2 protein chains.
Amino acid sequence: MRDHAVVKGLQRAELARRTGCNLETVRYYEKVGLLPEPPRTARGYRSYDTTHERRLRFVLRARELGFSLDEIRELLHLVDEREQPCVEARVVAATHLDDVQAKIADLKRMERVLKDVVAQCADGALPECPLIETLFGETSVD
Amino acid sequence: MRDHAVVKGLQRAELARRTGCNLETVRYYEKVGLLPEPPRTARGYRSYDTTHERRLRFVLRARELGFSLDEIRELLHLVDEREQPCVEARVVAATHLDDVQAKIADLKRMERVLKDVVAQCADGALPECPLIETLFGETSVD
DNA sequence: TCTTGACCCTGTAGTCACTACAGACCGCAT
DNA sequence: ATGCGGTCTGTAGTGACTACAGGGTCAAGA
(Lines give C-alpha, C1' and ligand atoms only; values in the text may rest on other atoms or scores of the structure.)
Protein backbone atom coordinates (compact mmCIF):
# COMPACT_ATOMS: atom_id res chain seq x y z
CA MET A 1 0.00 0.00 0.00
CA ARG A 2 1.47 3.30 -1.11
CA ASP A 3 0.60 6.72 0.32
CA HIS A 4 0.95 5.90 3.99
CA ALA A 5 1.31 9.57 4.78
CA VAL A 6 -0.81 12.33 3.30
CA VAL A 7 1.48 14.53 1.21
CA LYS A 8 0.51 18.18 1.55
CA GLY A 9 1.22 21.46 -0.16
CA LEU A 10 0.96 20.35 -3.76
CA GLN A 11 0.48 23.17 -6.22
CA ARG A 12 -1.92 22.90 -9.09
CA ALA A 13 0.77 22.26 -11.71
CA GLU A 14 2.26 19.51 -9.59
CA LEU A 15 -1.11 17.83 -9.10
CA ALA A 16 -1.74 18.04 -12.83
CA ARG A 17 1.65 16.56 -13.61
CA ARG A 18 1.22 13.71 -11.11
CA THR A 19 -2.17 12.74 -12.51
CA GLY A 20 -1.60 13.55 -16.17
CA CYS A 21 -4.57 15.89 -16.03
CA ASN A 22 -4.61 19.21 -17.86
CA LEU A 23 -3.95 22.15 -15.58
CA GLU A 24 -7.13 24.01 -16.49
CA THR A 25 -9.23 20.90 -16.14
CA VAL A 26 -8.44 20.70 -12.43
CA ARG A 27 -9.88 24.16 -11.93
CA TYR A 28 -12.85 23.24 -14.09
CA TYR A 29 -13.61 20.16 -11.98
CA GLU A 30 -13.51 22.32 -8.86
CA LYS A 31 -15.83 24.85 -10.41
CA VAL A 32 -18.43 22.22 -11.29
CA GLY A 33 -18.17 20.61 -7.88
CA LEU A 34 -16.44 17.33 -8.70
CA LEU A 35 -13.43 18.19 -6.60
CA PRO A 36 -13.53 20.04 -3.28
CA GLU A 37 -12.11 23.53 -3.19
CA PRO A 38 -8.66 23.07 -1.66
CA PRO A 39 -7.35 25.24 1.15
CA ARG A 40 -5.40 28.32 0.14
CA THR A 41 -2.06 29.72 1.20
CA ALA A 42 -1.81 33.26 2.60
CA ARG A 43 -1.35 34.50 -0.97
CA GLY A 44 -4.41 32.66 -2.25
CA TYR A 45 -2.59 29.77 -3.88
CA ARG A 46 -4.38 26.41 -3.91
CA SER A 47 -2.70 23.81 -1.72
CA TYR A 48 -3.57 20.19 -2.46
CA ASP A 49 -2.80 17.00 -0.62
CA THR A 50 -2.94 13.35 -1.63
CA THR A 51 -6.64 13.07 -0.78
CA HIS A 52 -7.31 15.56 -3.57
CA GLU A 53 -5.06 13.58 -5.83
CA ARG A 54 -6.96 10.37 -5.06
CA ARG A 55 -10.27 11.99 -5.86
CA LEU A 56 -8.97 13.50 -9.07
CA ARG A 57 -7.66 10.10 -10.13
CA PHE A 58 -11.14 8.69 -9.53
CA VAL A 59 -12.64 11.31 -11.82
CA LEU A 60 -10.02 10.71 -14.52
CA ARG A 61 -10.47 6.93 -14.42
CA ALA A 62 -14.22 7.34 -14.65
CA ARG A 63 -13.80 9.68 -17.64
CA GLU A 64 -11.60 7.05 -19.30
CA LEU A 65 -14.53 4.67 -18.95
CA GLY A 66 -16.79 7.27 -20.58
CA PHE A 67 -18.87 8.23 -17.54
CA SER A 68 -20.37 11.72 -17.84
CA LEU A 69 -19.53 14.30 -15.21
CA ASP A 70 -23.09 13.96 -13.85
CA GLU A 71 -22.63 10.22 -13.46
CA ILE A 72 -19.28 10.77 -11.76
CA ARG A 73 -20.88 13.25 -9.38
CA GLU A 74 -23.45 10.58 -8.56
CA LEU A 75 -20.77 7.95 -7.98
CA LEU A 76 -18.75 10.26 -5.75
CA HIS A 77 -21.90 11.10 -3.81
CA LEU A 78 -22.48 7.39 -3.22
CA VAL A 79 -18.89 6.95 -2.07
CA ASP A 80 -19.25 9.85 0.36
CA GLU A 81 -22.71 9.12 1.71
CA ARG A 82 -23.31 5.36 1.62
CA GLU A 83 -21.88 2.61 3.73
CA GLN A 84 -22.47 0.11 0.92
CA PRO A 85 -22.48 2.00 -2.37
CA CYS A 86 -22.17 -1.14 -4.48
CA VAL A 87 -25.80 -1.77 -5.44
CA GLU A 88 -26.46 1.82 -6.43
CA ALA A 89 -23.10 2.20 -8.14
CA ARG A 90 -23.85 -0.92 -10.14
CA VAL A 91 -27.04 0.68 -11.48
CA VAL A 92 -25.09 3.74 -12.64
CA ALA A 93 -22.48 1.58 -14.32
CA ALA A 94 -25.03 -0.76 -15.92
CA THR A 95 -26.94 2.20 -17.37
CA HIS A 96 -23.72 3.62 -18.70
CA LEU A 97 -22.81 0.24 -20.16
CA ASP A 98 -26.09 0.31 -22.09
CA ASP A 99 -25.19 3.74 -23.46
CA VAL A 100 -21.76 2.52 -24.51
CA GLN A 101 -23.25 -0.49 -26.27
CA ALA A 102 -25.79 1.69 -28.07
CA LYS A 103 -22.96 3.95 -29.26
CA ILE A 104 -20.98 0.96 -30.48
CA ALA A 105 -24.00 -0.23 -32.44
CA ASP A 106 -24.42 3.23 -34.03
CA LEU A 107 -20.77 3.41 -34.98
CA LYS A 108 -20.82 -0.09 -36.43
CA ARG A 109 -23.71 0.89 -38.67
CA MET A 110 -21.67 3.84 -39.89
CA GLU A 111 -18.58 1.68 -40.29
CA ARG A 112 -20.44 -0.84 -42.43
CA VAL A 113 -21.74 1.77 -44.87
CA LEU A 114 -18.45 3.66 -44.99
CA LYS A 115 -16.44 0.51 -45.66
CA ASP A 116 -18.85 -0.29 -48.43
CA VAL A 117 -18.69 3.05 -50.21
CA VAL A 118 -14.93 3.37 -49.79
CA ALA A 119 -14.51 -0.05 -51.35
CA GLN A 120 -16.82 0.85 -54.23
CA CYS A 121 -14.98 4.13 -54.80
CA ALA A 122 -11.69 2.24 -54.68
CA ASP A 123 -12.33 -0.02 -57.63
CA GLY A 124 -12.97 3.12 -59.65
CA ALA A 125 -15.00 1.34 -62.32
CA LEU A 126 -18.19 3.33 -61.81
CA PRO A 127 -19.09 6.45 -63.77
CA GLU A 128 -20.77 8.08 -60.75
CA CYS A 129 -19.15 8.34 -57.33
CA PRO A 130 -20.88 5.78 -55.09
CA LEU A 131 -20.15 7.84 -51.98
CA ILE A 132 -21.76 10.96 -53.38
CA GLU A 133 -24.67 8.98 -54.79
CA THR A 134 -25.22 7.36 -51.41
CA LEU A 135 -25.26 10.72 -49.68
CA PHE A 136 -27.70 12.21 -52.15
CA GLY A 137 -29.97 9.33 -51.27
CA GLU A 138 -30.33 7.68 -54.68
CA THR A 139 -29.21 4.57 -52.82
CA SER A 140 -30.33 3.57 -49.37
CA VAL A 141 -27.93 4.11 -46.47
CA ASP A 142 -28.93 0.82 -44.85
CA MET B 1 -36.92 8.80 -60.78
CA ARG B 2 -39.02 11.11 -58.61
CA ASP B 3 -38.88 14.92 -58.56
CA HIS B 4 -39.01 15.52 -62.28
CA ALA B 5 -40.05 19.11 -61.72
CA VAL B 6 -38.46 21.45 -59.22
CA VAL B 7 -41.06 22.21 -56.56
CA LYS B 8 -40.83 25.82 -55.41
CA GLY B 9 -42.09 27.98 -52.59
CA LEU B 10 -41.51 25.61 -49.71
CA GLN B 11 -41.52 27.30 -46.35
CA ARG B 12 -39.01 26.41 -43.69
CA ALA B 13 -41.43 24.27 -41.64
CA GLU B 14 -42.42 22.34 -44.72
CA LEU B 15 -38.81 21.69 -45.68
CA ALA B 16 -38.11 20.55 -42.14
CA ARG B 17 -41.12 18.22 -42.15
CA ARG B 18 -40.25 16.73 -45.54
CA THR B 19 -36.67 15.96 -44.48
CA GLY B 20 -37.24 15.14 -40.83
CA CYS B 21 -34.81 17.88 -39.91
CA ASN B 22 -35.35 20.15 -36.93
CA LEU B 23 -36.64 23.57 -37.91
CA GLU B 24 -33.85 25.49 -36.23
CA THR B 25 -31.21 23.22 -37.65
CA VAL B 26 -32.08 24.35 -41.18
CA ARG B 27 -31.33 27.93 -40.22
CA TYR B 28 -28.16 26.84 -38.48
CA TYR B 29 -26.90 25.03 -41.59
CA GLU B 30 -27.53 28.17 -43.62
CA LYS B 31 -25.69 30.28 -41.08
CA VAL B 32 -22.60 28.06 -41.19
CA GLY B 33 -22.66 27.90 -44.98
CA LEU B 34 -23.70 24.29 -45.57
CA LEU B 35 -26.89 25.32 -47.30
CA PRO B 36 -27.27 28.32 -49.61
CA GLU B 37 -29.36 31.22 -48.40
CA PRO B 38 -32.69 30.74 -50.13
CA PRO B 39 -34.50 33.55 -51.93
CA ARG B 40 -36.99 35.55 -49.89
CA THR B 41 -40.58 36.57 -50.45
CA ALA B 42 -41.58 40.24 -50.35
CA ARG B 43 -42.11 39.89 -46.59
CA GLY B 44 -38.71 38.33 -46.03
CA TYR B 45 -39.87 34.73 -45.70
CA ARG B 46 -37.49 32.04 -46.95
CA SER B 47 -38.69 30.24 -50.05
CA TYR B 48 -37.10 26.87 -50.75
CA ASP B 49 -37.30 24.54 -53.71
CA THR B 50 -36.41 20.89 -54.21
CA THR B 51 -32.75 21.68 -54.94
CA HIS B 52 -32.49 22.99 -51.37
CA GLU B 53 -34.24 19.87 -50.17
CA ARG B 54 -31.78 17.65 -52.04
CA ARG B 55 -28.81 19.43 -50.53
CA LEU B 56 -30.29 19.28 -47.04
CA ARG B 57 -30.86 15.54 -47.45
CA PHE B 58 -27.20 15.18 -48.40
CA VAL B 59 -26.16 16.92 -45.20
CA LEU B 60 -28.52 14.84 -43.07
CA ARG B 61 -27.35 11.56 -44.61
CA ALA B 62 -23.74 12.54 -44.08
CA ARG B 63 -24.50 13.39 -40.44
CA GLU B 64 -26.10 9.96 -40.02
CA LEU B 65 -22.78 8.52 -41.15
CA GLY B 66 -21.01 10.63 -38.55
CA PHE B 67 -19.25 13.10 -40.86
CA SER B 68 -18.44 16.40 -39.18
CA LEU B 69 -19.86 19.59 -40.63
CA ASP B 70 -16.36 20.49 -41.86
CA GLU B 71 -16.10 17.18 -43.70
CA ILE B 72 -19.55 17.70 -45.19
CA ARG B 73 -18.53 21.18 -46.33
CA GLU B 74 -15.53 19.58 -48.03
CA LEU B 75 -17.68 16.93 -49.71
CA LEU B 76 -20.17 19.51 -50.94
CA HIS B 77 -17.32 21.62 -52.26
CA LEU B 78 -16.06 18.61 -54.25
CA VAL B 79 -19.54 17.99 -55.62
CA ASP B 80 -19.83 21.62 -56.69
CA GLU B 81 -16.33 22.15 -58.08
CA ARG B 82 -15.03 18.85 -59.41
CA GLU B 83 -16.00 16.92 -62.49
CA GLN B 84 -14.83 13.67 -60.89
CA PRO B 85 -15.05 14.08 -57.10
CA CYS B 86 -14.69 10.37 -56.42
CA VAL B 87 -10.98 10.12 -55.62
CA GLU B 88 -10.98 13.09 -53.27
CA ALA B 89 -14.30 12.13 -51.70
CA ARG B 90 -12.89 8.68 -51.05
CA VAL B 91 -10.02 10.20 -49.06
CA VAL B 92 -12.46 12.15 -46.88
CA ALA B 93 -14.55 9.04 -46.29
CA ALA B 94 -11.55 6.78 -45.63
CA THR B 95 -10.19 9.25 -43.06
CA HIS B 96 -13.57 9.39 -41.40
CA LEU B 97 -13.77 5.60 -41.44
CA ASP B 98 -10.50 5.51 -39.50
CA ASP B 99 -11.98 7.89 -36.93
CA VAL B 100 -15.07 5.73 -36.59
CA GLN B 101 -12.99 2.60 -36.12
CA ALA B 102 -10.84 4.31 -33.50
CA LYS B 103 -13.98 5.34 -31.62
CA ILE B 104 -15.33 1.80 -31.78
CA ALA B 105 -12.05 0.50 -30.35
CA ASP B 106 -12.22 3.05 -27.50
CA LEU B 107 -15.80 2.15 -26.69
CA LYS B 108 -15.04 -1.56 -26.75
CA ARG B 109 -12.28 -1.04 -24.21
CA MET B 110 -14.80 0.75 -22.00
CA GLU B 111 -17.40 -1.94 -22.59
CA ARG B 112 -15.02 -4.70 -21.54
CA VAL B 113 -14.12 -3.04 -18.23
CA LEU B 114 -17.71 -2.03 -17.49
CA LYS B 115 -19.07 -5.51 -18.18
CA ASP B 116 -16.42 -6.84 -15.86
CA VAL B 117 -17.13 -4.58 -12.91
CA VAL B 118 -20.91 -4.81 -13.32
CA ALA B 119 -20.61 -8.60 -13.23
CA GLN B 120 -18.37 -8.47 -10.15
CA CYS B 121 -20.78 -6.09 -8.39
CA ALA B 122 -23.66 -8.34 -9.37
CA ASP B 123 -22.53 -11.42 -7.51
CA GLY B 124 -22.37 -9.24 -4.39
CA ALA B 125 -19.96 -11.51 -2.56
CA LEU B 126 -17.20 -8.95 -2.14
CA PRO B 127 -16.80 -6.72 0.91
CA GLU B 128 -15.59 -3.75 -1.17
CA CYS B 129 -17.39 -2.50 -4.28
CA PRO B 130 -15.30 -3.59 -7.28
CA LEU B 131 -16.52 -0.66 -9.35
CA ILE B 132 -15.49 1.92 -6.79
CA GLU B 133 -12.19 0.14 -6.17
CA THR B 134 -11.50 0.11 -9.89
CA LEU B 135 -12.16 3.81 -10.16
CA PHE B 136 -9.93 4.63 -7.22
CA GLY B 137 -7.21 2.82 -9.09
CA GLU B 138 -6.43 0.04 -6.64
CA THR B 139 -7.03 -2.20 -9.63
CA SER B 140 -5.84 -1.54 -13.15
CA VAL B 141 -8.31 -0.26 -15.75
CA ASP B 142 -5.97 -1.55 -18.52
C1' DT C 1 19.46 44.63 -6.11
C1' DC C 2 17.46 43.83 -10.22
C1' DT C 3 15.73 40.89 -13.58
C1' DT C 4 14.14 36.83 -15.59
C1' DG C 5 11.22 33.15 -15.92
C1' DA C 6 8.00 30.17 -14.08
C1' DC C 7 4.40 29.71 -11.52
C1' DC C 8 -0.19 31.48 -9.52
C1' DC C 9 -4.87 34.04 -9.67
C1' DT C 10 -9.54 35.45 -11.94
C1' DG C 11 -12.79 35.86 -15.53
C1' DT C 12 -14.15 35.24 -20.08
C1' DA C 13 -14.50 33.30 -24.71
C1' DG C 14 -13.94 29.64 -27.92
C1' DT C 15 -14.90 24.70 -29.45
C1' DC C 16 -18.92 21.37 -31.89
C1' DA C 17 -23.47 20.68 -33.45
C1' DC C 18 -27.13 21.88 -32.37
C1' DT C 19 -31.56 23.48 -29.56
C1' DA C 20 -34.48 26.73 -27.40
C1' DC C 21 -36.25 30.88 -26.37
C1' DA C 22 -37.66 35.96 -26.42
C1' DG C 23 -39.93 39.41 -28.71
C1' DA C 24 -41.68 40.99 -32.83
C1' DC C 25 -44.30 40.57 -37.14
C1' DC C 26 -47.68 38.37 -40.58
C1' DG C 27 -51.73 35.80 -42.63
C1' DC C 28 -55.78 33.39 -42.53
C1' DA C 29 -60.07 31.67 -40.46
C1' DT C 30 -63.84 32.51 -37.52
C1' DA D 1 -61.59 41.66 -34.03
C1' DT D 2 -59.26 38.09 -32.34
C1' DG D 3 -56.98 34.09 -32.04
C1' DC D 4 -53.74 30.59 -33.75
C1' DG D 5 -50.33 29.36 -36.19
C1' DG D 6 -46.60 30.51 -39.03
C1' DT D 7 -42.43 33.64 -39.97
C1' DC D 8 -38.33 36.70 -38.65
C1' DT D 9 -33.99 38.07 -35.80
C1' DG D 10 -30.59 37.56 -32.27
C1' DT D 11 -28.97 35.44 -28.29
C1' DA D 12 -28.03 31.93 -24.79
C1' DG D 13 -27.72 27.30 -23.29
C1' DT D 14 -25.80 22.34 -23.63
C1' DG D 15 -21.05 19.12 -22.22
C1' DA D 16 -16.51 18.86 -21.23
C1' DC D 17 -13.20 21.03 -21.68
C1' DT D 18 -9.32 24.45 -23.50
C1' DA D 19 -7.16 28.79 -24.15
C1' DC D 20 -6.36 33.12 -23.50
C1' DA D 21 -5.83 38.11 -21.24
C1' DG D 22 -4.17 40.72 -17.72
C1' DG D 23 -2.61 40.79 -13.55
C1' DG D 24 0.17 39.15 -9.09
C1' DT D 25 4.01 36.27 -6.70
C1' DC D 26 8.30 33.99 -5.89
C1' DA D 27 12.95 32.08 -6.11
C1' DA D 28 17.27 31.84 -8.41
C1' DG D 29 20.95 33.93 -10.89
C1' DA D 30 23.94 38.19 -12.54
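Being a predicted model, the structure only gives us computed values, none of them experimental. Chain letters run A, B, ... following the sequence lines, proteins first and then strands; every chain starts at 1.
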S.K.: For Leu15(B) and dC8(D), what is the distance between atoms CG and P respectively, to the nearest whole Å?
M.R.: 11 Å
S.K.: Would Arg46(A) and Gln11(A) count as a side-chain contact (heavy atoms from CB on, under 4.5 Å) here? Give the steps.
M.R.: CA-CA 6 Å; Arg46(A) 287 171 183 79; Gln11(A) 283 194 324; over 6 Å; no
S.K.: Round to a whole Å and report the spacing from CZ of Arg17(B) to P of dG5(D).
M.R.: 16 Å
S.K.: Out of the candidates Val79(B), Leu76(B), Leu65(B), only one should pair with Leu135(A) under the side chain to side chain contact (heavy atoms under 4.5 Å, CB included) rule; please name it.
M.R.: Leu65(B)
S.K.: Give me the atom names and distance for the closest heavy-atom approach of Pro39(B) to His52(B).
M.R.: CD-CE1, 4.1 Å
S.K.: Just verifying a value: how many Å separate Gln120(B) CD and Arg90(A) CZ, rounded to the nearest 0.5 Å?
M.R.: 12.0 Å
S.K.: Is NZ or CZ of Arg61(B) both nearer than 6.0 Å to the six-membered ring centre of Phe136(A) and within 45° of the ring axis?
M.R.: no
S.K.: Between protein and nucleotides 2-17 of chain C, map the contacts as a letter string: B base, S sugar-phosphate only, - none, heavy atoms under 4.0 Å, written 5' to 3'.
M.R.: -----SSSBB-----B
S.K.: Over its full length, what angle do the end axes of the helix from dT1(C)-dA30(D) to dT30(C)-dA1(D) make, each axis taken from five pairs and the result rounded to 10 degrees?
M.R.: 40°
S.K.: Distance from Arg63(A) atom CZ to Phe58(A) atom CZ, nearest 0.5 Å?
M.R.: 13.0 Å
S.K.: Rounded to the nearest Å, what distance is computed from the CD atom of residue Glu30(A) to the P atom of nucleotide dT18(D)?
M.R.: 15 Å
S.K.: Between Asp106(A) and Lys103(B), does any NZ, NE, NH1 or NH2 come within less than 4.0 Å of an OD or OE carboxylate oxygen?
M.R.: no
S.K.: Do NZ/NE/NH1/NH2 and the carboxylate oxygens of Arg27(B) and Glu24(B) come within less than 4.0 Å?
M.R.: yes
